[in-house]
Every structure is written in C-alpha cells, then in structure tokens.
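The structure under discussion appears below in the form of structure tokens.
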Amino acid sequence: MSLVLHNTLSGRQEPLAPLVPGKVGLYVCGVTVYDRCHVGHARSLVFFDTVVRYLRFAGYDVKFVRNITDIDDKIIKRAAEETIPSEELASRYIGTFRADVAALGCLQPDVEPRATGHIPEMLDLIARLEKRGIAYASAGDVYCSVARIAGYGKLSKRKLDELIAGARVEVGERKREGLDFALWKAAKPGEPFWGSPWGPGRPGWHLECSAMSTKYLGQPFDLHGGGEDLIFPHHENEIAQSEGATGMPFVKHWIHHAFVRINEEKMSKSLGNFLTIEEILKRVPPEALRLFLVSTHYRSPVDFSDQSLLDAQRACARLHETLARVEERLGGNVAAPRGGERAPEAAALPASVRPFHEQFVAAMDDDLNSARALGVVFDEVREINRLLDAGADAPAIAEHHANFGRLGGVLGVLRHPAASYLEAEKGRHLAGAGIEPAEIERLIAERAAARKAKDFKRGDAIRDELLARGVVLKDGAGGTTWSVVQS
RNA sequence: GGCGGCGUACCCAAGUGGCUAAGGGAGAGGUCUGCAAAACCUCGAUGCAGCGGUUCGAAUCCGCUCGCCGCCUCCA
C-alpha cells in the first residue's frame with residue numbers, strides 16, 4: 001500500500017516515488033501579499049497542510065517550502081494608492097497572512113522564502129537563459145522566448161500554435177511574441193528596483209518560484225503544487241524557465257487543487273465575492289473551517305455557503321463532544337497525539353483500532369481522499385460512543401483515543417483537548433449573545449433549587465429561557481453543565 | 001472558439017463495473033431522562049441530470065441531449 005497521487009503533468013494517478021527514498025521535497029506557491037487572505041487561500045493552506053501532515057504520518061521526511069511573493073505589480077499598485085512604500089504594504093499583509101496561518105493551525109513550512117530575498121538567484125537564472133539564447137533583453141526588460149522552449153504547454157495541455165492564435169495578450173513593443181513573458185521588468189520612475197546587468201528593475205512573477213524552489217529543493221524535485229488557476233501560465237512558465245536554463249527536468253509531480261466557489265462562482269478578489277479567513281474565524285472555530293474544506297476531495301470545487309459552514313460546525317462539535325467524553329473517562333491521563341507525527345505500523349496497533357487506521361490510510365493513499373478519510377473518523381466516533389455507553393474500561397477507550405486523535409490530527413481537527421475547544425466555542429457565542437457566564441451559573445443554581453423543590457415548571461422555564469439565548473443545559477450525575485448551540 | 005471538470009437523498013458529500021449506494025447536517029420513531037440535552041438503536045435515494053447503447057451485470061464504460069463551472073488575462 002502506498003500513496004497514489006494525481007499528476008497534472010501526466011493527467012493520471014501515479015504512485016508517489018520520491019527521488020530519494022523516504023524523503024519528499026514539496027514546493028507550494030504561496031500568496032502575494034497585497035491584501036487579506038480569503039477562504040480560497042484557506043483551502044490552499046489547509047490542503048497542503050494536510051498533504052504535509054499525511055506524508056509525515058506515512059513516514060516520509062518532508063521538506064516543505066512555501067514562498068511569499070512580496071514584490072509584484074499588484075503590490076506596487078496598492079502601495080501607490082495608499083502612498084506608502086511597497087515594503088510597508090507587503091510587511092502588513094505578511095503579518096495578516098501569518099496570523100491566518102497560525103489561526104488555522106497549519107504547520108510552519110520548513111523554508112518560507114521571499115522573492116525580495118532572492119534577487120541574485122533570479123538574476124543568475126536570467127543570465128543562464130540569456131546565455132542559452134532563450135532570454136532576450138529589450139529596452140531594460142528581459143523576456144523569455146517561448147518559441148525556444150521545447151515542449152512548452154505540456155503541463156497545461158496546450159499547443160503552442162493554439163496559444164498564439166488564441167492569445168489575448170497583445171504583442172508589446174518590447175516583446176517579440178505575444179506569449180513571451182517577462183523575466184525582468186525595467187523600473188518606471190518611482191517604482192522599487194534592484195540593480196541588474198540589464199538595468200534597474202524587478203523580477204517577473206514566475207521567476208521567483210523557479211529560483212527559490214530549486215535553491216531549496218534541487219532540480220529536479222518531487223512535488224510542486226498550487227491552485228489550479230496557476231497551471232497556466234504560472235507553472236507552465238516556471239517549467240520553461242527552469243528546464244530552459246538547465247536542460248534538466250524541473251518537477252516530477254504536480255498537484256493542483258480546485259477552487260472555493262460561492263453562489264456557483266469562483267471566489268476571487270477580482271469578482272469581489274470573497275470572505276476573509278479572519279471574518280470566517282469570527283463565526284466558527286478553525287477546526288470547523290478545516291473540516292468544511294477537507295470534506296470535499298481537493299480536485300473538486302467546494303461551494304461555500306452559510307448552511308455548509310454551519311453543518312461543518314455541528315459535525316465538528318460532534319467530534320469534540322466525543323473527545324470530551326473520552327477525556328472525562330480517562331481522567332487526567334490524556335496525552336493526546338497532535339498529528340504530523342509518524343504513525344505506528346498497522347501491525348503494531350491494537351486490533352480494536354486497526355480497521356479504522358487501515359481504512360483511513362487506504363482513503364488517504366487514494367489521491368488524498370480526505371472526504372472518505374473523514375468518514376472513517378466518524379465511524380470511529382460512533383464506535384467510541386458505543387463503548388462509552390457500554391461502560392468499556394479505560395484501556396479500551398485509551399486505544400481509541402490515541403488512534404482517533406492521530407487520524408483527526410492528520411486532518412487538523414483534533415489538535416487540542418476538547419475542553420479548550422468547547423470553552424472557545426462558549427466564548428465566541430457569549431460574546432455575540434450578550435450573556436455572562438455568571439448569569440448562567442446564577443440561573444442554573446436557581447433552577448437546581450426549583451428542581452429540588454419539585455417545581456419542575458419553574459425549572460423548565462429557566463431552561464427554556466436559556467435555550468432561547470443559545471445556552472443548552474445538560475443534567476448529569478455531577479450536576480448541571482452547559483454548552484452553546486452551534487448556529 | 002480551444003482545453004478541462006461537474007450534475008448522487010431535504011442540504012453537503014464519498015463511491016468510477018458486481019456485497020445491503022460511506023460519512024456529516026437536517027428530519028421521523030425508539031432507548032435513557034421528572035422533562036430535556038448528549039449518546040446509542042432504527043428509518044430514510046429500488047435509485048445516482050435525461051435518453052439511448054455496450055455488458056451476465058453500470059451511478060461507475062460509450063454516444064447524444066439538457067444544466068452548471070473553471071482555465072485560455074492578475075488570481076489559491
């Protein structure tokens with residue numbers, strides 16, 4: 001059994017076969033920091049985070065590189081609008097990006113290179129392309145001549161003549177062919193620039209990923225990914241640059257995920273129909289957003305809606321309610337696995353949990369089918385609740401606790417003790433509902449007194465009043481506890 | 001126009017040739033509970049956009065039709 005992944009380059013599913021057995025190099029195109037990140041970016045972050053977690057779970061030594069584009073036309077444009085230096089704008093949105101990544105609970109990349117920190121590497125790449133007659137300078141710009149690239153279009157499955165015929169890009173005065181793309185852009189007055197043999201300017205967008213990926217992962221390397229909108233022209237051009245400069249293959253395996261849609265349309269900044277990660281996380285816990293995102297296979301579009309998000313939040317609550325029961329049953333003896341670690345061999349697992357582990361692995365090995373894998377986690381939830389209801393002993397519960405936490409951890413949904421999750425949910429709800437915990441406790445005490453006096457009518461009235469305010473009471477052996485409705 | 005993808009129960013979503021079509025949300029009935037909540041049990045698509053075809057057998061393969069989306073331009 002081993003991981004099979006869809007490869008955009010071949011259009012087929014192929015086994016992951018690392019260049020160095022046991023090690024995987026992964027490069028992901030990150031964000032351009034000129035605005036806040038939205039749910040679409042969250043999909044990319046969460047998907048590749050899941051990829052890294054699963055690869056490590058499966059025993060691979062992963063080197064994960066994700067870049068930050070901190071210089072480009074959009075950044076310059078925004079900065080000019082705000083009349084601040086582009087570095088200041090970039091720095092601001094690197095800050096919000098980092099906050100979003102942390103809030104989503106994503107693992108840090110091993111290397112997070114920034115374009116502006118790799119200008120020499122990029123200039124070197126241009127020089128090599130020029131030496132091979134692939135790049136040409138023109139009035140301070142430098143372009144890559146697509147016609148000189150063998151196999152151009154192989155990733156996006158496009159033929160060069162069709163691209164030329166259908167090109168919406170105008171042939172610029174400086175460009176020889178419409179499809180040629182900029183490696184270096186001459187600085188206009190007032191724009192940020194770096195010195196180069198071709199004059200002051202800045203790198204073209206595609207160049208940074210070619211330079212930085214191979215700097216940190218070598219050439220060729222194993223896995224390169226991003227959103228499916230990057231297939232053309234971005235990734236096609238990366239291949240052109242890197243293979244053109246060296247004559248060696250660039251990347252073995254390309255993985256691309258589909259988009260988040262909203263009302264049947266792609267969520268994007270240009271359409272203005274986006275919700276930021278920050279806005280969503282005010283409404284639901286990060287685990288709920290992650291669960292929402294991984295409940296669809298990565299190569300299918302996921303439709304965002306309030307109802308779907310609410311469904312995910314309720315499903316997430318089910319997961320954590322069960323975790324809370326488990327933790328209560330085990331008392332203080334709960335060292336929860338956090339995910340991202342190597343899994344034990346299936347043969348070493350207790351027979352009670354092995355089927356869940358194996359089914360989860362089978363699902364993830366099948367082109368990272370996280371939706372199916374999540375179904376397995378819920379199967380185990382039911383099994384755990386059954387055991388708890390039947391009064392199973394602690395060791396039996398502990399076996400499942402370890403397994404269930406480990407599987408959930410791969411999907412990034414059971415990373416904290418249940419209590420902290422449930423407390424956070426209470427806080428989120430109370431902040432919006434205008435009710436204080438002290439008041440809830442007071443009403444619970446009042447109700448307890450009424451119930452003791454057999455005044456169930458009064459007791460039920462209090463419970464109904466709290467319910468109307470989104471607070472659910474639960475009468476247990478040790479007294480009454482409360483939680484909040486997921487809405 | 002070129003290329004690619006999608007249409008599965010009330011909603012979301014797995015399943016891509018053959019056991020009773022996963023799982024989650026919502027709903028109905030039951031157990032438990034003073035009543036609830038949570039949990040558990042049971043029910044829920046004789047059918048997988050429509051129509052044809054291939055096959056012993058198809059949601060799954062092929063053809064056509066209808067509806068929707070993405071890329072081809074900055075975009076996760």
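Here is the naming used below: chain letters follow the sequence lines, and residue numbers restart at 1 for every chain.
- Note on G226(A): only backbone sugar-phosphate atoms sit closer than 4.0 angstrom, heavy atoms only; bases stay farther off.
- Considering only heavy atoms from C-beta on, E265(A) comes within 4.5 Å of N273(A) through its side chain.
- The pairing partner recorded for G67(B) is C6(B), the criterion being a Watson-Crick or G-U wobble arrangement whose two distances lie under 3.5 angstrom.
- For R314(A) and C12(B), the shortest distance from a side-chain N or O to OP1 or OP2 is not below 4.0 Å.
- Summarising the base pairing, C61(B) is matched to G53(B) through a Watson-Crick or G-U wobble pair whose two defining distances lie under 3.5 Å.
- Taking only side-chain nitrogens and oxygens, R382(A) comes nearer than 4.0 Å to OP1 or OP2 of G24(B).
- Taking a pair to require two hydrogen-bonding distances under 3.5 Å in either a Watson-Crick or a G-U wobble arrangement, A28(B) pairs with U42(B).
- Among the heavy atoms of the strands, none lies under 4.0 Å from R299(A).
- Searching all strands for a Watson-Crick or G-U wobble partner of A14(B) with both distances below 3.5 Å returns nothing.
- A heavy atom lying under 4.0 Å from RNA chain B marks the following residues of residues 455-471 of chain A, by number: F456(A), D460(A), R463(A).
- Across all strands shown, C48(B) forms no Watson-Crick or G-U wobble pair with both key distances under 3.5 Å.
- Salt bridge annotation for E446(A)-R458(A): present, with a cationic side-chain nitrogen under 4.0 angstrom from a carboxylate oxygen.
- Across all strands, L230(A) comes closer than 4.0 Å only to sugar-phosphate atoms, never to a base (heavy-atom distances).
- Atom C1' of C32(B) sits at a distance of 23 Å from the matching atom of G44(B), rounded to the whole Å.
- For the pair R447(A) and D475(A), the salt-bridge criterion is met [side-chain N within less than 4.0 Å of a carboxylate O].
- For the pair R325(A) and D389(A), the salt-bridge criterion is met [side-chain N within less than 4.0 Å of a carboxylate O].
- Where D366(A) and V260(A) meet RNA chain B, the nucleotide closest to each residue was compared, and D366(A) sits on the side nearer the 5' end.
- Contact annotation for R386(A): backbone-only contact, meaning every heavy-atom pair under 4.0 Å involves sugar-phosphate atoms and none involves a base.
- Put simply, the side chain of K266(A) and the base of C75(B) share a donor and an acceptor less than 3.5 Å apart.
- In a base pair of the Watson-Crick type (N1 to N3 plus N6-O4 or O6-N4) or a G-U wobble (N1-O2 and O6-N3), with each distance short of 3.5 Å, A36(B) is matched with no nucleotide.
- Nucleotide C74(B) is matched to nothing when pairs are restricted to Watson-Crick or G-U wobble geometry with both distances under 3.5 angstrom.
- Both the sub-6.0 Å distance and the 45° axial angle are satisfied by K269(A) relative to the ring of Y34(A).
- For R53(A) and D49(A), the salt-bridge test passes: some basic side-chain N is under 4.0 Å from an acidic carboxylate O.
- Electrostatic pairing of K175(A) and D141(A) does not count as a salt bridge here, judged by no charged N lying under 4.0 Å from a carboxylate O.
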